[in-house]
Protein chains: 2
Amino acid sequence: MVRRRQAVTIKHVAADAGVSLQTVSRVINQEPNVRASMRERVQASIDKLGYVPSIAAQRMSGSRSYLILALNDRERTIADWRAREGTDWVDQMLMGGMLECAKHGYRLIFELVDTHSDHVERELQGCIAALQPDGVILTPPHSDNPLITDLLRRQNIPFAQIGSTGEAGGISLIMGDEGAARTATRHLIDLGHQRIGFIKGAAEYKLSDWREAGWKAEMADAGLGFDGLCAAGDFSYRSGVDAAQKLLALRPRPTAIIASSDHMALATVDVARKMGMQVPRDLSVVSFDNTPMTMLTRPALTAIDQPVAATTALAVERIVAAKRGDALPEGPTIVPAGLIVRESTAPPAK
Amino acid sequence: MVRRRQAVTIKHVAADAGVSLQTVSRVINQEPNVRASMRERVQASIDKLGYVPSIAAQRMSGSRSYLILALNDRERTIADWRAREGTDWVDQMLMGGMLECAKHGYRLIFELVDTHSDHVERELQGCIAALQPDGVILTPPHSDNPLITDLLRRQNIPFAQIGSTGEAGGISLIMGDEGAARTATRHLIDLGHQRIGFIKGAAEYKLSDWREAGWKAEMADAGLGFDGLCAAGDFSYRSGVDAAQKLLALRPRPTAIIASSDHMALATVDVARKMGMQVPRDLSVVSFDNTPMTMLTRPALTAIDQPVAATTALAVERIVAAKRGDALPEGPTIVPAGLIVRESTAPPAK
DNA sequence: GTGAAAGCGCTAACAC
DNA sequence: GTGTTAGCGCTTTCAC
């Protein structure tokens, strides 16, 4: 293996511009105390030589690494990838995160960690030691894992907690789950529905509670009852079948169901169909997440769109701001979710 | 911003084990010339202190960066992400690449570059200068972009060219396109089809020709004609509509069509349906790529499965081997594609 | 405002 | 086999 060196280094630029290394460094890092004329001269050399700083060297000398780590749950992510059902959480995250990183001269590194394992700490520690990221983006369900958040805080690394209210001290970003559930419920009420069932997500995720709370609140505001209309699920198709069967066995039967995941919504449609009902004629269904399957299935599902890309982009923005020392807003930031109306919702049958 | 230093460095380990830095370095890099007892002692200290080498420092001192760059076309990838149609090429690539990297202590960095732009070189140069990757994985359509391959060769960075025969000097990996097309054709012939149409992919991609060649070869082997049975497409739904209309206007009409992408296959089904035909009763359709939409649509599409994950994993393996100085196999390696039989193929109507 | 010197954590080359 | 020395490219600290 040939030893490979940096083609153009700060030295070349310094020599070319006839200045010291330090001055070039100041220009690169946009620091003050450089005369405009000097700055221009150095910049000209940089452009001429096509110089790009080595992040390894930058990191070495104790400054930034320009790397932001996006952490996802290994088990769940790999399961999604293997299932090949089109779940595009990762893709949306990359889209939002990478594009925002590019704007600021950072790079996003996507990593998987075993949230449930005892050695999360060891794994994460290793990842941090190896990469020395300038910031970390945490996603559910490990946004609130104290083993992770404590470690990050100890190491003084800024981190964003997506889907968490940020008690652990990170930057809190929430995808408007409660409001989204209210929107979905409102949509159904506006169509004329009164008995609206709800299938809850996995208890491990805080957003499961938020969504349930939103549904209840909107029902209450409309003077509608919701006792017995909530069934537990865990986001999976299998759990959706059970929950839908439970809800559709009720008398009077709900005329609409909100499912906390696309898989559970799909399951609800299938169960209804098996019972001889048609969607949306006999049952309206609203889905959560808006992964590609909602538009590929028939009827296409009306769904709450989780703003994954926007949220990840915001996480990057906030981390970069934190590195700059900018003041960050207090408390959680809510990124609003949208409702995409498709074919699975309609007024209830008379 | 607090200055953040490596918590545990090679020095701590050396001190703890009572040996020199160099010895620790040898143990980390699994080099020879270390007595077993010494190796154990050092390893014990490493484990005890939870030491992980800094890749920045490793890179700095001229050895490996343990980073492998996976390059994809920016425009196309972002378009896919925005469309949210469940195309999971990126996910499969990450799955194959990341898991294989993890096995060897490497990390995969996913990056987008503007293949069509004149400044690919500049962009890639910058990426390389910043990250100093140990290897690069190229995907179509830029696997054969001479601006890219020349640059990598000049810099002496090992690279894999997926979907290319590797004339440019990289590690060539092909997803058995010709064989896959033969398999698809064979499947239809075995069902009893004789007039089998083919919708070709974008000319920009070499695999478009390979797939066409496979179809022709298998038809010829079976003594079947194929003149006029090939229509041009560019992988898009829109182009699939045009191509399908052209093929289905032929008399006698083809009883089966192989489309070089899932979108074009979907388009074919839709066109057939509009013409009053049923799939697979009146027309069999085989699709290429096997993205999630093939299983989510109805009828579910019989499809050729592109082994994206396996191919990416192999690319990583080969790059790691190249870094070690191992001998690599000559010529292109073909990763076989599979045929997933679903609901869109059946014997032709009598 | 600019420059010189020291050092970040690690490995290559060479000495022992 | 093991240790010593000299950097890698950059930023920090501190002179000027």
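All chains are named by letter (A, B, ...) in the order of the sequence lines, taking the proteins before the strands, and each is independently numbered beginning at 1. These numbers come from a predicted model, not from an experiment.
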- Item | Heavy-atom neighbours of B/Arg39 CZ exceed 12 at 6.0 Å |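 Counting neighbours around CZ of B/Arg39, more than 12 heavy atoms of other residues, nucleotides or ligands fall under 6.0 Å, so yes.
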Starting from [atom2] on [N], measure out to [atom1] on [X] and report it in whole angstrom.
X	N	atom1	atom2	result
A/Leu131	C/dC10	CG	P	14 Å
B/Leu21	C/dG9	CG	C1'	9 Å
A/Met60	C/dC10	CE	P	8 Å
B/Lys11	C/dC10	NZ	P	9 Å
B/Arg64	C/dA12	CZ	C1'	12 Å
B/Glu40	D/dG1	CD	P	16 Å
A/Gln132	D/dC10	CD	P	17 Å
B/Arg41	D/dG1	CZ	P	16 Å

Could you report the tightest heavy-atom contact between [X] and [Y], atom names first, then the distance?
X	Y	answer
A/Ser143	A/Gln161	O-NE2, 2.8 Å
B/Val308	B/Thr312	O-OG1, 2.7 Å
A/Ile174	A/Pro332	CD1-CB, 3.9 Å
A/Tyr51	A/Ile10	CE1-N, 3.6 Å

#### Entry: Sugar-phosphate, base or nothing in reach of B/Val19, heavy atoms under 4.0 Å
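Sugar-phosphate, no base atom in range.
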Touch class at under 4.0 angstrom, heavy-atom based, for A/Gln22 against every strand present: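 Base contact.
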[N] phosphate, OP1 or OP2: any side-chain N/O from [X] under 4.0 angstrom?
X	N	answer
A/Ser25	D/dT11	yes
B/Thr23	D/dG3	yes
A/Tyr66	D/dC10	no

Review point. With a 4.0 Å cut-off, would you call A/Arg74 and A/Glu123 a salt bridge?
Key: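 Judged by the 4.0 Å cut-off on N to carboxylate O distance, A/Arg74 and A/Glu123 do form a salt bridge.
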- Query: Are the charged groups of A/Glu111 and B/Arg107 less than 4.0 angstrom apart, N to O?
  - Reply: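 Here A/Glu111 pairs with B/Arg107 in a salt bridge, since their nearest N and O are under 4.0 Å apart.
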Record whether the side chain of A/Arg59 comes under 3.5 Å of the base of C/dG9 through a donor-acceptor pair of N or O atoms.
->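 No pair found.
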ask   = Can you pull the ring pair (Phe, Tyr, Trp, His ring centres under 6.0 Å) pairs that have at least one residue in residues 20-43 of chain B, sequence neighbours excluded?
value =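 Of all non-adjacent pairs touching residues 20-43 of chain B, none passes ring pair (Phe, Tyr, Trp, His ring centres under 6.0 Å).
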* Do A/Met93 and A/Asn72 pass the side-chain contact (heavy atoms from CB on, under 4.5 Å) test, and can you show the C-alpha distance, the side-chain angles, and the key distance before you say yes or no? -> CA-CA 10 Å; A/Met93 199 167 172; A/Asn72 274 53; 3.4 Å; yes
Considering only side-chain heavy atoms of [X], which listed nucleotide, [options], is closest?
X	options	value
A/Gln58	C/dC14, D/dC10, C/dC10	D/dC10
A/Met38	C/dT2, D/dC10, D/dG1	C/dT2
A/Ser61	C/dA4, C/dC10, D/dG9	D/dG9
B/Arg26	D/dC10, D/dG3, D/dG1	D/dG3

Mapping B/Arg39 and B/Ala57 to their closest nucleotides on DNA chain D, which lands nearer the 5' end?
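Whichever sits nearer the 5' end wins; that is B/Arg39.
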Does the side-chain hydrogen bond (donor to acceptor under 3.5 Å, both in side chains) test come out yes or no for B/Thr333 and B/Arg318, once each step is laid out? CA-CA 11 Å; B/Thr333 299; B/Arg318 290 278 165 83; 2.8 Å; yes
Which of residues 27-34 of chain A have a heavy atom under 4.0 Å from DNA chain C?
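When residues 27-34 of chain A is checked for heavy atoms under 4.0 Å from DNA chain C, the hits, listed by number, are A/Asn33, A/Val34.
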Checklist entry - What bend angle does the helix from C/dG1-D/dC16 to C/dC16-D/dG1 show across its length, from five-pair end axes and to the nearest 10 degrees? => result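 That helix gives 30° between its end axes.
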